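Chain letters run A, B, ... following the sequence lines, proteins first, then strands; residues in each count from 1. From a predicted model like this one, the values you see are computed outputs, not experimental measurements.
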2 protein chains.
Amino acid sequence: MPGGFLNMDEDLADCAKRELEEETGIKNVYLEQLYTFGKHDRDPRERVISVAYYALIPSDRLTLQPASDATEAGWFAYDELPELAFDHREIARTAQERLVAKLDYSTIAFQFLPKQFTLSELQDVYEIIRSEPVDKRNFRKWITARNLIEATGNERRNGSHRPAQLFRTKRPGRVEIIR
Amino acid sequence: MPGGFLNMDEDLADCAKRELEEETGIKNVYLEQLYTFGKHDRDPRERVISVAYYALIPSDRLTLQPASDATEAGWFAYDELPELAFDHREIARTAQERLVAKLDYSTIAFQFLPKQFTLSELQDVYEIIRSEPVDKRNFRKWITARNLIEATGNERRNGSHRPAQLFRTKRPGRVEIIR
DNA sequence: TCAAAAGTGTTAACAATACACCCATGT
DNA sequence: ACATGGGTGTATTGTTAACACTTTTGA
């Protein structure tokens with residue numbers, strides 16, 4: 001939950017990108033405007049309008065660049081958030097709700113994964129965000145029928161069991177509406 | 001496309017409501033935050049951040065209170081909009097896209113209709129927003145299966161043909177997510 | 001009696017669900 | 001050889017789509 005101020009001659013999304021990078025070192029991730037929070041009393045000290053953005057970060061890039069400017073930043077599970085200031089928990093809830101909704105009708109899930117991923121990892125994303133188990137066979141039928149991913153030909157060996165095929169999205173970077 | 005300034009101690013949605021009422025006389029309609037437009041050069045004169053809201057107005061209330069404060073306000077079909085200032089056409093397009101998307105997964109369509117309406121009127125809303133014809137029998141099966149509306153027992157006589165039953169929504173005012 | 005919109009059912013195609021076992025690997 | 005996660009097919013149910021005629025009314 002980084003927060004910062006908009007510079008003159010800076011677009012809103014650029015401000016969000018800059019703040020994210022300053023506090024975490026992360027660049028080039030999916031970023032979407034979430035909502036603008038402007039209740040007159042949300043910050044008791046002064047009138048603040050916050051144009052909130054949220055980013056989705058591939059699991060392999062979830063690091064905190066220690067360079068990050070000495071402010072206390074950290075990653076937390078959604079249901080293990082620490083105390084947050086003002087209405088920041090409401091902001092987090094709004095983002096979580098947006099995410100759950102978008103999972104159903106967009107390809108947003110890929111934004112959580114590295115370029116190559118296994119079908120089990122993709123299924124994990126759906127199960128975690130939906131907070132419920134998904135049938136493996138039906139999930140694989142569903143995702144392959146949608147023509148969004150393709151096998152890379154590579155496999156991942158990962159412990160004492162059969163290796164998993166690695167897939168990639170056909171249109172990386174793009175979040176599309178599906179149905 | 002009214003636009004106005006936020007007062008101290010006024011919430012964003014209240015500002016939008018106030019502006020809508022000042023310019024059209026319309027109150028108590030569905031209002032939703034659309035998006036916040038903040039490109040640094042969207043207004044060449046000065047830096048402006050616009051937190052845009054959109055309202056949906058029942059067809060029987062689409063009037064302009066002539067009291068409206070002398071600014072030029074008017075109703076226009078979406079595809080017959082006059083020249084608009086700055087990025088205001090982009091704002092209108094964003095609202096139209098939101099509407100088309102929401103039609104599919106919410107009960108937003110009812111917000112365009114009076115308290116009592118016929119199934120043909122409801123079908124018209126879907127056809128107009130989708131810009132394509134809808135099968136009458138399938139539409140009626142679909143909408144009745146969803147348990148959102150009920151017959152009022154009244155009919156509307158409207159020309160030299162069979163009168164239409166009037167329906168109402170079961171939970172007026174509420175826009176719900178459906179699937 | 002005519003024109004105009006309201007109202008109504010069946011069938012076929014497709015999509016979603018439920019469900020259980022074998023496969024390939026590392027230890 | 002065993003434990004682990006990877007990988008696969010079928011039958012059933014539910015949902016969506018295509019399609020045409022009768023009803024009621026006012027003029």
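Using a 4.0 Å heavy-atom criterion, one finds that R156(A) contacts no nucleic acid atom at all. Residue R157(A) is classed as a sugar-phosphate contact, given heavy-atom separations below 4.0 Å to backbone atoms only. In this structure, N158(A) reaches neither bases nor backbone, as no heavy-atom distance under 4.0 Å exists between it and the strands shown. When heavy atoms are screened at a 4.0 angstrom cut-off, S120(B) is found touching the sugar-phosphate backbone but no base atom.
Position along DNA chain C of the nearest nucleotide to W142(A) versus L166(B) favours L166(B) as the more 5'-ward residue. Nucleotides of DNA chain C nearest to A164(B) and S160(B) differ in position, and the one nearer the 5' end is that of S160(B).
The nearest pair of heavy atoms linking K170(B) to I149(B) is CE-O, 3.6 Å.
Contact of N138(A) with dA18(C) (side chain to base): a donor-acceptor pair of N or O atoms is detected under 3.5 Å. No hydrogens or angles were tested; on distance alone, nothing pairs the side chain of K141(B) with the base of dT15(D) as donor and acceptor under 3.5 Å.
Of the candidates dG7(D), dC19(C), dG6(D), dC19(C) carries the atom nearest the D135(A) side chain, counting heavy atoms from C-beta on.
In this view, R162(B) satisfies the side chain to side chain donor-acceptor pair (under 3.5 Å) rule with no residue, not counting sequence neighbours.
Under the 4.0 Å criterion applied to side-chain N and carboxylate O atoms, E19(A) and K17(A) are not assigned as salt-bridge partners.
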